[in-house]
Amino acid sequence: MQKLRSKKSIIFIVAFLLAIINFLIMPHYYSAIPLLLFIILMLGGLLNLLTARGDVDPDIKLAYEKGEDNRLRADIAIYNRSVLPKISLKIKVEILNMLTGQRKSEDVYMSIGPKAKKTTSIDMNAQLSGCYRISIEHIESADLLNVFKRDFAINSRKEIEVFPKLDAIEIGSNVYSAFNIESFQYSLFKIGDDPGEIRGVREYQPGDNPKRIHWKLSGKIGDVVVRELGYPVENDILLMIDYDQIDDEKAADTKMSICFSLSQRLIEKNIVHNIGWYDREEKTFCIKPVKNIHDRDNIMRRLLRNQMRNEEVSTIRRFISETEMNQRVFSHYLYISDDNRDFEQLLEYGELNVFGTKEKRLDHTKGI
């Protein structure tokens with residue numbers, strides 16, 4: 001399209017030069033008509049650019065088709081609200097994979113009549129998982145001869161998630177055997193709802209469950225108090241994904257696939273678990289519970305927007321230093337990482353299984 005635009009400019013410039021030569025060598029007055037037409041055309045194009053005030057509206061629609069090619073299609077619609085035509089538009093389209101950091105740009109060229117709308121499409125490969133952000137930040141408008149130009153700032157963007165594929169990953173039997181119906185370890189910091197362990201008593205507050213009222217003690221002290229129940233921690237599993245160490249974009253995609261697949265296996269076994277990661281936007285270590293597929297998919301949407309990049313601080317160190325004590329109550333850790341730093345520190349809190357991206361088979365579990 002850029003070649004076509006340049007070719008048109010060359011044709012118009014040559015025609016303009018011929019009109020000047022025709023005017024200079026021909027004795028008749030009507031030889032000036034072609035030159036006047038070109039001058040009017042140029043002045044009209046300049047006037048169009050000078051009077052334009054945000055009269056171009058872009059709209060983006062995204063569609064993802066999962067298959068062998070994993071095609072992502074972006075429909076770019078431009079509406080000209082002006083009564084004057086837009087002779088030559090250059091739309092700068094930015095494409096960003098928020099997970100891998102892959103970025104590319106593409107220029108789209110079109111002309112639009114007055115009060116008209118035109119749509120063009122961009123097809124791209126979406127082999128890697130992530131959240132793809134398609135944005136338009138600038139539109140350049142030019143006259144017919146491509147002599148006068150004007151740039152307009154535009155803020156139009158859309159996002160679409162491309163989920164990772166599910167792999168046949170086997171979780172070690174030590175993880176399943178550690179998950180029992182009953183728990184014998186309780187948090188010293190976190191209140192739960194297990195009636196088998198009484199953490200303490202406190203004064204009744206509106207909204208408390210009446211079943212937790214300690215009637216005998218309330219009668220003795222003359223005030224209503226409720227039991228604080230224990231929070232079992234022995235069966236808690238944390239699926240932790242490392243965002244810091246990454247060799248290439250493919251490794252980021254593989255990590256997402258392992259996380260997605262491990263969570264799926266735990267859901268199939270009806271095992272409630274947690275997913276933990278360092279959130280760059282919130283600048284904190286996040287831990288979210290997964291009780292069903294809906295919970296897992298909502299978390300994945302956040303993970304796909306969190307960029308992976310190399311950093312000096314390991315994910316384990318962030319988890320230990322940046323989470324409160326009452327969040328570190330897990331008995332088993334499934335760690336998705338190629339980084340072997342700080343394993344010893346995490347082993348102080350529970351059992352550890354590591355899933356790396358460089359293994360020949362993704363169903364390999366390395367117990368630590």
Side-chain angles (χ1 to χ4, degrees), residues 1-9 12 41-67 69-163 249 281 301-302 304-307:
M1 196 68 182
Q2 172 66 46
K3 293 181 179 179
L4 181 60
R5 187 183 189 186
S6 302
K7 191 174 182 180
K8 285 182 178 180
S9 299
F12 279 117
L41 188 63
M42 293 178 62
L43 292 177
L46 177 61
L47 180 64
N48 188 5
L49 294 180
L50 294 176
T51 57
R53 292 290 186 274
D55 51 7
V56 175
D57 293 329
D59 184 38
I60 305 173
K61 292 183 179 180
L62 301 177
Y64 172 65
E65 183 178 349
K66 192 172 183 179
D69 296 333
N70 286 11
R71 304 304 299 176
L72 180 61
R73 180 186 180 93
D75 292 327
I76 311 295
I78 306 295
Y79 177 57
N80 178 21
R81 294 188 287 107
S82 173
V83 294
L84 298 175
K86 298 301 179 187
I87 305 298
S88 179
L89 292 178
K90 176 183 176 183
I91 300 100
K92 191 81 169 181
V93 181
E94 297 285 343
I95 304 164
L96 170 67
N97 185 330
M98 299 173 69
L99 172 67
T100 65
Q102 282 183 308
R103 186 187 299 269
K104 62 178 291 188
S105 60
E106 188 164 337
D107 294 334
V108 177
Y109 299 88
M110 65 173 61
S111 57
I112 311 177
K115 297 290 184 178
K117 179 180 179 180
K118 184 173 286 189
T119 302
T120 187
S121 298
I122 299 176
D123 289 325
M124 65 200 80
N125 184 287
Q127 290 286 350
L128 300 180
S129 60
C131 179
Y132 287 80
R133 173 185 290 172
I134 317 296
S135 59
I136 298 175
E137 298 182 356
H138 296 280
I139 294 181
E140 180 188 276
S141 182
D143 67 312
L144 187 61
L145 301 181
N146 205 28
V147 175
F148 305 108
K149 301 177 183 179
R150 185 174 180 182
D151 191 69
F152 299 94
I154 301 292
N155 186 14
S156 178
R157 62 175 54 179
K158 288 289 177 64
E159 297 175 357
I160 187 170
E161 300 101 359
V162 175
F163 273 54
E249 292 82 6
E281 184 176 350
R301 290 184 177 93
R302 292 185 59 178
L304 294 174
R305 287 171 166 79
N306 200 43
Q307 184 180 351

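Here, residue 1 is the first one in the sequence, and each next residue gets the next number.
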Q.
Once salt bridge (Lys or Arg N to Asp or Glu O under 4.0 Å) is applied, do any residues pair with R73, and if so which ones, sequence neighbours excluded?
A. D75, D123
Q. Side-chain contact, heavy-atom cut-off 4.5 Å: L62 with Y132?
A. no
Q: Drop me the distance from E140's CD to I91's CD1, to the nearest 0.5 angstrom.
A: 10.0 Å
Q) Would you say the side chain of I78 lies within less than 4.5 Å of the side chain of I76, judging by non-hydrogen atoms? A) yes
Q: Measure the spacing between OG1 of T100 and CZ of R103 and express it to the nearest 0.5 Å.
A: 10.5 Å
Q.
So K90 and H138, do their side chains get closer than 4.5 Å, heavy atoms only?
A. no
Q) Between K115 and R81, is there a donor-acceptor pair closer than 3.5 Å when you use the side chain of the first and the backbone of the second? A) yes
Q) Looking only at heavy atoms, what is the nearest atom pair of P58 and I154, with distance? A) CG-CG2, 3.2 Å
Q: Output all residues satisfying side chain to side chain contact (heavy atoms under 4.5 Å, CB included) with S135, sequence neighbours left out; order by chain, then residue number.
A: E94, E137, R157
Q: First locate atom CD of Q307, then atom CD of E281, and finally report the distance between them rounded to the nearest 0.5 Å.
A: 12.5 Å
Q: Work out which heavy atom in A116 is nearest to a heavy atom in Y79; give both atom names and the distance.
A: O-CD1, 3.1 Å
Q: Work out which heavy atom in I134 is nearest to a heavy atom in A74; give both atom names and the distance.
A: CG2-CB, 4.3 Å
Q: Quick one: list whatever passes salt bridge (Lys or Arg N to Asp or Glu O under 4.0 Å) with K118, sequence neighbours left out.
A: none
Q) Residues in side chain to side chain contact (heavy atoms under 4.5 Å, CB included) with A77, at least two apart? A) D59, K117, T119
Q: Check whether more than 12 heavy atoms from other residues, nucleotides or ligands sit under 6.0 Å from atom CD of E65, and answer yes or no.
A: no
(Q) Could you work out, with salt bridge (Lys or Arg N to Asp or Glu O under 4.0 Å) as the rule, every residue matching R133, not counting sequence neighbours? (A) E159
Q.
Any non-hydrogen side-chain atom of N125 less than 4.5 Å from a side-chain atom of R71?
A. yes
**Q.** Nearest-0.5 Å distance, CG of residue N97 to CG of residue L304
**A.** 8.5 Å
Q: Supply the atom-to-atom distance K158 NZ to I136 CD1, rounded to the nearest 0.5 angstrom.
A: 10.0 Å
Q.
Would the distance check show the side chain of N80 and the main-chain N or O of G113 forming a donor-acceptor pair, the cut-off being under 3.5 Å?
A. yes
Q) Can you tell me how far the OH atom of Y109 sits from the OG1 atom of T120, to the nearest 0.5 Å? A) 12.5 Å
Q: Output all residues satisfying salt bridge (Lys or Arg N to Asp or Glu O under 4.0 Å) with E106, sequence neighbours left out; order by chain, then residue number.
A: none
